[in-house]
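These values consider heavy atoms only, across backbone and side chains, with no hydrogens, waters or symmetry-generated copies. Counting starts at 1 for both ligands and their atoms, in listed order.
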Amino acid sequence: MAQVVLENVYKSFPPRRGEIVASPAQNPLTFGKTSDVEPERAESVNVLRRINLTIADGEFMVLVGPSGCGKSTLLRLIAGLEAMTGGNIWLGDRLINDLPPKERDIAMVFQNYALYPHMTVYDNIAFGLRRRGGAEAAGEQEEKLPGGATALDGFPGLKQVAWFPSKQTSGSRGAGIPNWAENLLVGVTKQLPKGLRYVSAKERVVDEQVRSVAQLLQIETLLNRLPKQLSGGQRQRVALGRAIARNPQVFLMDEPLSNLDAKLRAETRAQIVKLQRQLGTTTIYVTHDQTEAMTMGDRIAIMNQGQIQQVASPLELYNRPANRFVAEFIGSPPMNFISVEFHAPLLITNSQFRLTLPETWGTALQKYDGQTLILGIRPEHLSLGLPATKNLPAQVDLVENLGNDSFITVRLGEHGQATHKSNYLQVRVPPDRLVSIGEQIWLSLTQDKIHFFDPETELAIFPKN
Ligand SMILES: Nc1ncnc2c1ncn2[C@@H]1O[C@H](COP(=O)(O)OP(=O)(O)OP(=O)(O)O)[C@@H](O)[C@H]1O
């Protein structure tokens with residue numbers, strides 16, 4: 001297990017051949033033309049810009065962000081599947097910038113499982129172990145084998161043999177077969193009785209690892225099947241098994257659950273978290289699903305347009321978003337935003353309401369006196385109230401009753417007001433509170449749950465604690 005440190009990681013791609021340069025700012029020379037004639041002169045696309053992130057040893061870090069923000073590219077750089085344009089990647093105290101993927105001691109699980117279709121589940125899990133991990137592990141194991149067995153003539157690479165009835169678990173010795181008989185068998189005859197097979201020491205270690213991983217993931221009964229004979233959830237567990245069996249220093253997971261249906265996704269999500277806690281392996285998990293991010297991550301790094309917006313625990317992100325992007329991305333339905341004017345010391349107004357803020361806001365908002373601010377409020381922090389100037393008048397536009405919860409979409413303003421000035425908000429109400437479309441209501445804001453953002457920078461403004 002190891003800590004992963006990303007230092008100023010930068011990645012740009014040259015424009016693809018045939019891609020049209022979209023704006024003169026991008027490249028005046030090739031604007032409006034296809035770049036295939038002179039690709040070296042076209043602008044490159046900056047996909048990741050100075051990413052700095054430390055993932056602690058054993059931590060479950062989630063990278064989340066909208067499609068195209070650079071999550072998968074970052075994961076591929078860490079895995080070594082893509083070359084960095086600049087920066088450093090450290091794994092523990094090793095600088096791994098120039099190491100090929102197989103020397104990084106990192107295992108990656110992909111969205112599409114990437115299983116070998118012609119291999120059984122057993123062989124898929126064993127594949128990586130046989131290629132490297134298993135061979136190394138077996139090398140150590142051979143020294144420790146009981147009986148002091150040595151290489152046997154005519155069987156290169158075979159130091160100790162076990163023989164097993166073909167249906168029996170090869171982790172245990174065949175009933176009644178003494179240790180000496182195993183060696184003797186190879187020395188005397190190269191023909192084993194029908195239904196028995198030789199297992200080298202190396203293969204025995206691989207076998208133990210495959211079976212223990214299969215047990216962990218509850219796929220022991222699937223070991224002889226081909227991937228096409230498995231459901232999506234089972235395939236994903238095999239892909240996880242393959243990564244786990246290698247016992248790497250780091251797991252990288254790129255949207256591993258997105259091909260599963262909602263129920264299975266929730267189940268597998270919990271299983272991955274449990275496994276990770278059990279194994280304690282540093283994990284970087286990419287998703288665009290904020291529920292997944294909130295429920296799985298020790299910490300979450302929110303990305304947008306190739307940059308990290310905030311890194312924090314799920315609750316910190318929800319309660320203290322660093323900017324409007326994070327505030328809107330975390331939470332479902334998302335946070336509502338209302339444009340208001342601030343009047344020192346503590347009054348906010350818009351055409352619909354006037355509200356005096358708690359004193360904790362005093363100092364933080366002073367410099368915005370007489371200016372516009374963005375007020376943010378989550379759907380769960382709005383409630384139905386009485387007609388009052390401190391409450392927001394609104395009309396019900398849509399009602400979505402989910403059984404345990406009800407979400408209503410409302411349009412700010414009273415009956416008959418011009419719609420172009422309206423602002424739509426979402427409100428979470430108890431399911432037993434019946435409202436109907438078109439109804440005039442009043443919304444009360446939970447005052448200690450109000451957020452403010454600078455209208456230009458969109459950075460959060462925090463009250464004094
Ligand atoms: N080989 C490439 N050549 C050029 N551009 C690329 C290449 N690979 C990715 N990109 C671009 O880099 C940007 C980031 O892509 P990436 O796949 O990392 O995003 P993502 O956040 O993982 O998105 P998604 O959630 O949709 O998978 C995108 O605009 C994509 O088009």
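- Listed by first then second residue, pairs satisfying salt bridge (charged side-chain N to carboxylate O under 4.0 Å, His left out) with a partner in residues 312-326 number zero, not counting sequence neighbours.
- Considering both main-chain and side-chain atoms, Gly68 comes within under 3.5 Å of ligand 1 through a nitrogen or oxygen pair.
- With a 4.0 Å cut-off on non-hydrogen atoms, Thr73 touches ligand 1 through its backbone as well as its side chain.
- For ligand 1, the atoms closer than 4.0 angstrom to any heavy atom of Glu255 are 25 (O).
- Taking only non-hydrogen atoms, the option from Lys11, Glu82, Gln305, Lys71 nearest to atom 21 (O) of ligand 1 is Lys71.
- With salt bridges taken as basic N to acidic carboxylate O contacts below 4.0 Å, one links Asp207 and Arg211.
- Any N or O atom pair closer than 3.5 Å counts here, and His288 shares no such pair with ligand 1.
- Below 3.5 Å of separation, one finds an N or O of Cys69 facing an N or O of ligand 1.
- With respect to Gln307, the side chain to side chain contact (heavy atoms under 4.5 Å, CB included) criterion is satisfied by exactly one of Gln305, Met303, Gln309: Gln309.
- The list of salt bridge (charged side-chain N to carboxylate O under 4.0 Å, His left out) pairs with a residue in residues 288-298, not counting sequence neighbours, reads Arg277-Asp298.
- Phe13 carries Lys11 over the face of its six-membered ring, with the cationic atom under 6.0 Å from the centre and within 45° of the normal.
- In this structure the side chain of Tyr116 reaches within 4.5 angstrom of the side chain of Arg242, judged on heavy atoms.
- At least one N or O atom of Gly70, backbone or side chain, sits closer than 3.5 Å to an N or O atom of ligand 1.
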